[in-house]
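Quick caveat, the model's predicted, so the values are computed rather than measured. The sequence lines fix the lettering, A, B, ..., with proteins before strands; numbering per chain opens at 1. Just the heavy atoms: all of them, side chains too, but no hydrogens, waters or symmetry mates, feed the values below.
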Amino acid sequence: MAGPAETAGQTAQHKAYGNVLTGFALLCICVLASSVRLFSVIKYESVIHEFDPYFNYRVTRFLSEKGFYETWDFFDSFTWYPLGRVVGGTMYPGLIFTAGTIWNVLQKLNIPIHVQEVCVFTAPLFSAFCAIATYLFMKEVRGQGAGLASAAIIAVVPSYISRSVAGSYDLEAVAIFALVFVFYLYVKTLNTGSLAWATALFFGYLYMVASWGGYSFIANLLPIHCLACIVFGRVSSRLYIAYAPWVILGALAAANIPVIGFNAVLMSEHMASFFVFGLLHAALAIEYIRDMLPPRAYSAAKKLVLTFGTTALAVVLALVVSYVAASPTFGWTGRSLSLLDPTYASKYIPIIASVSEHQPPSWSSYFTDLHIASLLAPAGLLLCFRPLTDASMFLLLYGVTAVYFSGVMVRLMLVLAPAACCLAGLALSEVTSYLSASLVAAQRAQAGAGDAEKKAKAPSETDGSAAGKKDKAAGSSAAAAAKQAAKKAAKKGGSGGGPLGWVSGPWKPVPKDVAIVGLVLVFLGLSMFYRHSVYVAGEMYSAPSIVLQSRRADGGVKVFDDFREAYAWLSHNTDPDAKVASWWDYGYQTTAMANRTVIVDNNTWNNTHIATVGRAMASPERKAWQIFRSLDVEYVFVVFGGFIGYPSDDINKFLWMVRIGGGVFPEIKEPHYLGADGNYRVDEQAGKALVDSLMYKLSYYRFADCGPMFGAQRGFDRVRNAVIAKQDFELKYFEEVFTSEHWMMRIYRVLDKPNRDARLRNPRRAKLGRRAPSKRRQPSGAPSK
Amino acid sequence: MARLAAALAAAMLLAGVALAAEQQKVLVLLDSPSLESSHSAFLAGLRSRGYALEVRPIDDKSLQLKSWDEWLYDKLVILGSSKALGGAIDAAQVVQFVDEGRDVLLAVDSDVSEELRSLAQDLGVDIDSRGNAVIDHFGYDSHVGAQDHAAVLADNFVKSAAVLPKALSTPVLFRGIGLSVAAESETAFLALAGSPTAYCGKPGAAMTDAKLAGPELGLVALVQMRNNARVAVAGSLHMFSDAAFQAEATARNDRVLGRASNEAFCTAISKWAFQEQGVLRASQLSHRVLAGAHPGAVKPERYRVNDDVEFSVVIQECADGGCKPYTAEDVQVELVMLDPYIRTSLKHDGQGRFATQVKVPDVYGVFKWVLEYRRLGYSFIELTETVPIRPFKHNEYERFIVQAYPYYASCASMMAGFLAVGAFFLYTKA
């Protein structure tokens, strides 16, 4: 028979084994999280992806050359010509400073690595960190098991992979880690009530604020949680220590990031935290007074305070409302307002609506991006009530709000991903431990029966009984823990027959067979999830989008490297001071890869400037030439997919240029660019303004002559599946200088003002008579160098 | 642009050096060989100014203006009429000759060929229909034009010291066809226009609706191309002839006005066309910070907002092979970002150095200095220099602001109070 001391020793040993095992599992999860994101490097090469990452990369390169302070004060004269951009004051520096620090540390360690490699691998590294943060967060919310399960799910959840593959050097790469880590610190502070953790929370929040504009999600979620605690009577000193310092210090932290500055106290996004801050103090004050005063005096005081409080509140509210109403967006930034009113952006801000990731997601994308997590998350929501703690209520609120936001914008699926993973992990862990405990209980019952028989038959045989005891101990301890939790929940959930009584019933094991089948099903589900995630990571989310691949009929891979080809042409063949105009999508890439000055770029801070470029693209050639000349533009390029069938080209984006241009310059009217039937088309029925527009001309110049090689009709556009309206025309004010191999990028030079004023309008001119035929054919009167 | 202008200036400088070192080659194309003797004084004048003339018939089969990519001549003089351009030369090539910065003097008469008319049109001057002539029933020369009134005395000269440094006291004897330039042309102008009673029409025929008449009627037009190449188009061959150079101007009623100004005028326009007159050279464009982030920095990479800066440039006027400081009060410079934020005139020191001191605006962005100087008869000056203006760095603001002292005080008192209360709670426990 084992004594109590021995049992304690065994427990400690078990705990040690458990910790080692947990650590090992976490290590595996981290390795998995990083390595599943390396497909892009293996399949393509180690390059920066997409659009925004190019800006981050360029600034990081600047940082590695000039240092932190120069970057902080970086005034970039290469973008938004001639306005320039105060990059240091308009960017979230978290990601760039993180990668810069990593690079500096590596340099100090004499590891000569290029900045680009650091940038490429930042995202996989931080997704491993994110798995750890998720583990810590869920460990605080529920326990180690839930933590491990959540970490295992978030490591490979496709939604997060889509923004954090190697090369996707975007803000979200570190911001999701920061988000989860801030949640962990908040919950940790909430659970411990320690000021040290509150300080850590401040630093974590500072990092989050520096990293991503999504910090405003935290800035609103924490007040919501605090408010919920107040409403449900869960106010405690722990909550106060977690929340109150965060409000003040967090606002200070946010105000110190130049891009936010005074917005931290002026914009409506931040108002909720201050409002709840006041409420929390009021609630605490009421509790304090109730403790001090006798009941009668208390009710009188309450009446007095409530009267005063309501009056004061009404005054403050009136002030806030009048302040807010004075601003056209009610004090919200356009992006935030489009979250609250999903139709807002499409009505008023075409530039926000034009971005594909600002569209609402389709239903199928929930399954693609979350897979099993979308099935398990609702179960996790229910399990948050069993038992309902401050921490699990936080998870609950996080899940519910994230689901709403993800329904507004595809981009915010990313915020939902950790929530869904945590909830799914919670459900998975509870289900698995429930089934395992049932299995153990069944085994114990069997062993108990066998034990009794054995005792009767052979009392000397102790090996089996010891094993049985051990199992029994384990089984009963698990059962006891579950019972204890259930009891606690029952206590917390209110006395007995509360509305949530059904979730806190007594613990009952399921039969052994059911448990086994259930475990097998869980295993199968997880296997399918992993299979799906790895497939998605490899096939869908690893394309860098500057290099395209297509499968040939023989199974080989055809690579379209037109973008880099054209950018390289620009950087080698044009004057270093040349200004290059294009639609804003390609601005970051042009500055980073071609190293040339651009007119507009992906940082869409000046709508008028973008509208000017949109107007030029939508105008007839001569007008466009004047606009570009006034902006000192020397080269214009368009992205054209009609030759190889690349659908996201400028002709397909053109209506947005018209809308954005028309928003500022009312002479551009969208209906003029549409066909007679109201559809956007490039064939015979195309709108007249479209055929006259510069975009049409630059895209289709010489296209009919050099059209598709596969024997289609002359001038057949493979994207629009139509024969273009006007096939043969000459350019008078632009000159084609480069067209990439697959015609995806076409670069034109904006011709100078003509050297001669030939053939201007002159009413006194006498007509030319029959002219001797010229010896050489040469256009005269055309603008030349 | 700045570079282009600098390159042009350098090219001109080189041309000037070349003038001293070796003679510039001029191809003279004549409609008929007899012109060589009848216009000998004009051609001798060119030779005496240092040009190496190569006189060829206009329809010579072996004519060549260009060998591979090299121009064989620096200037081109066409004394043309009805014959077409021969050899390898055609109108398009002459246009290219001008577009690449070389000068042309084109003189035609009433019998002008359509090819030359088309050439003139491409260069920005419209010659009237073939067969028309300039007629003035009041201002004809009674000595040679009494019969058809088509030899006119013209004294409506352009008012530009760059073209005509010395005022001409007598009119020019002109027999030929009328010209016109488009009203909105920035490059072409009339050096000699018709008198109010002159018109262009068929001699001897009644004319009631002359398209070209009065001061709109051009007799000699000058064109200053945007690349500073120059072209002179004259509607008369006769005005360059020895006979015209020697002629006495005789107004109606046989009033003798003295020797006609043909020689002086023709020399002046040929000098102008061949860059010997009215050429401005801008050089040594510079700007420096007087007070601001980096005082004394010459041609800094960027300014900071509100810097005090000085802009300066040296402009010289070159004529007859020598240059002297240019003096004008109307040279302006602009500091432009989309719109001009500063537009101010430059003051000169008499030595050709034009300068001004300004405070750059309190706006950041990519600014450029723009000096565009276009005056009638003078070569264009077009200089741009890009200088971004940056905002303050984080450590360039004032550290303490007087207005904020109450806030500093409140912070300090808050900290002191916190310390006091903390100490009270920590150490006064009974």
Report which part of B:V363 has an atom under 4.5 Å of a heavy atom belonging to chain A: side chain, backbone, both, or neither.
neither
Taking every heavy-atom pair that is under 4.5 Å apart, which of B:L338, B:N395, B:V336 has the most such pairs with chain A?
B:L338
Counting only heavy atoms from other residues, nucleotides and ligands, does the tally under 6.0 Å from CE of B:M414 exceed 12?
no
If you count heavy-atom pairs under 4.5 Å between each of B:P388, B:S185, B:S129 and chain A, which one has the most?
B:S185
Atom pair CZ/CG of A:R764 and B:D128 - distance to nearest 0.5 Å
11.5 Å
Are side-chain N/O atoms of B:S180 and A:N762 paired as donor and acceptor at under 3.5 Å?
yes
Hey, what do you get for CZ (B:R390) to CZ (A:F74), rounding to the nearest 0.5 Å?
13.0 Å
Residue, of A:G89, A:G84, A:P82, that accumulates the most heavy atom pairs under 4.5 Å with chain B
A:P82
Would you say that B:K211 contacts A:R765 through its side chain, given a criterion of any heavy-atom pair below 4.5 Å between the two side chains?
no
Shorter than 4.5 Å, heavy atoms on both sides: which option in B:Q224, B:R130, B:K368 has the most such pairs with chain A?
B:K368
Expected contact set for residues 248-262 of chain A against chain B at heavy-atom separation under 4.5 Å reads none
Are any of the side-chain heavy atoms of B:T187 and A:R756 separated by less than 4.5 Å?
no
Measure B:I389 against the heavy atoms of chain A and call it side chain, backbone, both or neither at under 4.5 Å.
backbone
Salt bridge or not between A:D757 and B:R226? Use side-chain N to carboxylate O under 4.0 Å.
yes
For chain A, the option from B:E184, B:M225, B:E396 that forms the most heavy-atom pairs under 4.5 Å:
B:M225
Thinking salt bridges, do A:K753 and B:E186 make one under a 4.0 Å N-O criterion?
yes
By side chain to side chain donor-acceptor pair (under 3.5 Å), which residues pair with A:E634, not counting sequence neighbours?
none
For a 4.5 angstrom cut-off between non-hydrogen side-chain atoms, does B:H394 reach A:Y69?
yes
Reported CD-to-CG distance for the pair B:E100 and A:N755, which is rounded to 0.5 angstrom:
10.0 Å
Can you see which heavy atom on B:P391 is nearest to which on A:V86, and at what distance?
CG-CG2, 3.9 Å
